[in-house]
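What follows is a single structure, written as structure tokens, with notes after it.
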Amino acid sequence: MVHPTVPSPALAPAAVFDWLDEAAELRARAGLTRTLRSRPAEDPVLDLASNDYLGLVHHPAVTGAAAEAALRWGAGATGSRLVTGTTALHTELEEELAEFCGFEAALVFSSGYAANLAALTALTDPDTLIVSDAYNHASLIDGCRLSRSEVRRVPHSDPEAVREALAARHHPRALVVSDSVFSVDGNAAPLPGLAAAARAHGAALLVDDAHGLGVLGRGGRGALAAAGLAGEPDAVATVTLSKSLGSQGGAVLGPRRVVRHLTETARTFIFDTGLAPAAAGAALGALRLLRAEPHRADRAREVARLLAAGLTAAGLEASTPDAAVVSVRAPGPEAAVRWAADCRTAGLAVGCFRPPSVPDGVSRLRLTARGDLTDAQIDQAVSVIAATAP
């Protein structure tokens, strides 16, 4: 029986969005209110909250490359990459990024989020099973939701669970999806095990290397290069240009036929304005600097180890970092917010992760182990965090 549609009762125009106030009140009770805070150009606090892993966002070689690109190519890309949005600068960046990371080809997007959505929606269809790590980043989760594929969520960093999910599939195609370094605790995915599980069952592997590029692998070439998977015919990586490279944008790296397919079918590529020339120039400048100074990647990992060791010695529950992210557990969301605020008052900016950003529901402070930090700044950070701990 078909039920007739029941019209909603008429609401006064001023009441249409009243439900938003109720939702805001529920978030406030749960300690999940989020606010925007503008920062000055010259912020006196010690910054461990950003994703500037190598400390390049203010480096003269990077800002100079951005300024030069803007002066030469203009303030914006002017259109889609397939219309007018591709400059010679974009092509240079793609070629050098692919060569540096060890892949056949690369395709640059306006953000890492857009790159993940493109890879997941263009490389899958209803005949594809996606096997996704339970702790994957929101952009991967959203890509899975938009893919029109069946998605199997498996326990965190568990290659055997991936094998079981692939073995039980009835789909002709499958894609295993994981972060390389998980942004909450900074732990690395077991990429060799995931790759072996995928290959044993004829599945492709897609890895979001946002937190690995510039930090892991020889000279910062990324987690897939470190695992010996870069350039493999069944492996695809996504990266962001806004973390280690100090700019903005994202890219997909993989076999040429994968990049060609994304160029012709990925909606976040076809229908989005191209990355601004200044961002492309800055990323290219940072990439060339990293190639010339590979020790920057080593220092970022060393700073992470020193931060974790100092916090642990102070009696705090700090994660063991595999890359450049260190987290410190907080008693709850409200305590985490107060702790982060107290750190800022004491001259230290830290990240604050609360549900739903943390998949296990445990609130944390998140620290960026920047490669340009001095030993004195590391000691300062540890002292402030320990002194303000709830």
Side-chain angles (χ1 to χ4, degrees), residues 77 80-83 85-124 139-140 143 173 175-178 180 191 195 198-199 203-210 212-214 216-245 247-272 274-275 277 279-288 290-291:
S80 163
R81 289 284 310 275
L82 290 169
V83 184
T86 297
T87 68
L89 197 61
H90 291 85
T91 303
E92 280 185 72
L93 175 58
E94 287 167 344
E95 290 174 350
E96 293 193 27
L97 187 61
E99 192 277 330
F100 179 76
C101 295
F103 289 85
E104 283 186 354
L107 191 64
V108 165
F109 290 77
S110 60
S111 71
Y113 210 113
N116 275 339
L117 295 187
L120 277 159
T121 56
L123 297 178
T124 63
S139 57
L140 293 177
R173 289 179 292 280
L175 179 69
V176 176
V177 181
S178 178
S180 65
L191 294 186
R199 189 163 289 178
L205 177 66
L206 172 63
V207 179
D208 180 352
D209 202 21
L213 176 64
L216 299 179
R218 182 173 60 88
R221 284 168 169 78
L224 283 89
L229 297 172
E232 290 296 299
D234 52 354
V236 175
T238 58
V239 297
T240 179
L241 312 177
S242 61
K243 294 180 172 58
S244 287
L245 298 185
S247 181
Q248 190 168 350
V252 177
L253 311 169
R256 291 191 187 281
R257 58 181 177 175
V258 167
V259 169
R260 181 182 69 240
H261 180 73
L262 264 64
T263 303
E264 297 175 356
T265 65
R267 294 175 67 84
T268 55
F269 182 82
I270 298 170
F271 299 107
D272 192 17
L275 184 66
L284 187 56
L287 184 63
R288 290 170 176 171
L290 178 57
R291 185 189 294 275

Practice item. Hey, could you give me the CG/CZ distance between Leu205 and Arg199, rounded to the nearest 0.5 Å? Key: 9.0 Å

Practice item. Please round to the nearest 0.5 Å and tell me the distance separating atom CG of Leu213 and atom OG of Ser180. Key: 9.0 Å

Exercise for review: Run the salt-bridge test on Glu96 and Arg291 with the 4.0 Å N-O cut-off and return the result as yes or no.
Suggested key: no

Review point. Side chain to side chain contact (heavy atoms under 4.5 Å, CB included) between Thr240 and Phe109: does it pass, once the steps are laid out?
Key: CA-CA 9 Å; Thr240 179; Phe109 290 77; over 6 Å; no

Point to revise | Heavy-atom side-chain contact between Leu253 and Val259 under 4.5 Å | key: no

Review point. Got a second to check how far Leu290's CG is from Phe100's CZ, nearest 0.5 Å?
Key: 4.0 Å

Check your understanding: Under the side chain to side chain contact (heavy atoms under 4.5 Å, CB included) criterion, do Val177 and Asp208 qualify, and how do the steps go?
Key -> CA-CA 8 Å; Val177 181; Asp208 180 352; over 6 Å; no

Check your understanding: So, Arg81 side chain and Thr87 main chain: donor-acceptor pair closer than 3.5 Å or not?
Key -> no

Check your understanding: For Leu262 and Ala122, which heavy atoms make the closest approach, and how far apart are they?
Key -> CD1-CB, 4.0 Å

Point to revise | Backbone of Ala279 reached by a side-chain donor or acceptor of Ser247 within 3.5 Å | key: yes

Study note, to complete from the structure: Heavy-atom closest pair (Ala225 atom, Cys101 atom, distance to 0.1 Å) is CB-O, 4.2 Å

Review point. Just by distance, do the side chain of His90 and the backbone of Leu275 share a donor-acceptor pair under 3.5 Å?
Key: yes

Check your understanding: If you look at every heavy atom in Leu89 and Gly281, which pair is closest and at what distance?
Key -> CD2-N, 3.6 Å

Revision key, fill the gap. Closest non-hydrogen contact found for Thr268 with Ala114 is OG1-O, 2.9 Å

Point to revise | Heavy-atom pair with the smallest gap, counting every atom of Ala118 and Ala266 | key: CB-CB, 3.6 Å

**Study point:** Minimum side-chain heavy-atom gap Leu120-Leu175 below 4.5 Å
**Key:** yes

Check your understanding: With a 4.5 Å heavy-atom cut-off, do Phe269 and Thr263 have their side chains touching?
Key -> yes

Study note, to complete from the structure: Here the gap from Thr265 atom OG1 to Ile270 atom CD1, rounded to the nearest 0.5 Å, amounts to 6.0 Å

Review point. So which heavy atom on Ala235 is nearest to which on Pro255, and how close?
Key: O-CD, 3.6 Å

Check your understanding: How long is the gap from CG on Leu123 to NE2 on His261, to the nearest 0.5 Å?
Key -> 5.5 Å

Check your understanding: Do Leu206 and Val176 have side-chain heavy atoms sitting under 4.5 Å apart?
Key -> no

Practice item. Using atom types as modelled and distance alone, determine if a side-chain donor or acceptor of Ser80 lies under 3.5 Å from a backbone N or O of Gly85. Key: no

Review point. Side chains of Leu97 and Leu241: does their closest heavy-atom pair fall under 4.5 Å?
Key: yes

Review point. What do you reckon, is CD of Gln248 surrounded by more than 12 foreign heavy atoms closer than 6.0 Å?
Key: no

Check your understanding: Under 4.5 Å between any side-chain heavy atoms of Thr238 and Ser139, yes or no?
Key -> no

Review point. Do Arg221 and Glu99 sit within salt-bridge range, that is, some charged N less than 4.0 Å from a carboxylate O?
Key: no

Exercise for review: May I ask you to test the Leu224-Phe103 pair for a side-chain heavy-atom distance under 4.5 Å?
Suggested key: yes

Point to revise | Glu92 with Arg288: basic N within carboxylate O range, under 4.0 Å | key: yes

Review point. Under 3.5 Å, side chain of Asp209 to main-chain N/O of Ala223, donor-acceptor pair present?
Key: yes

Check your understanding: Is Glu104 reaching over with its side chain to a backbone N or O of Arg256, donor-acceptor style, under 3.5 angstrom?
Key -> yes

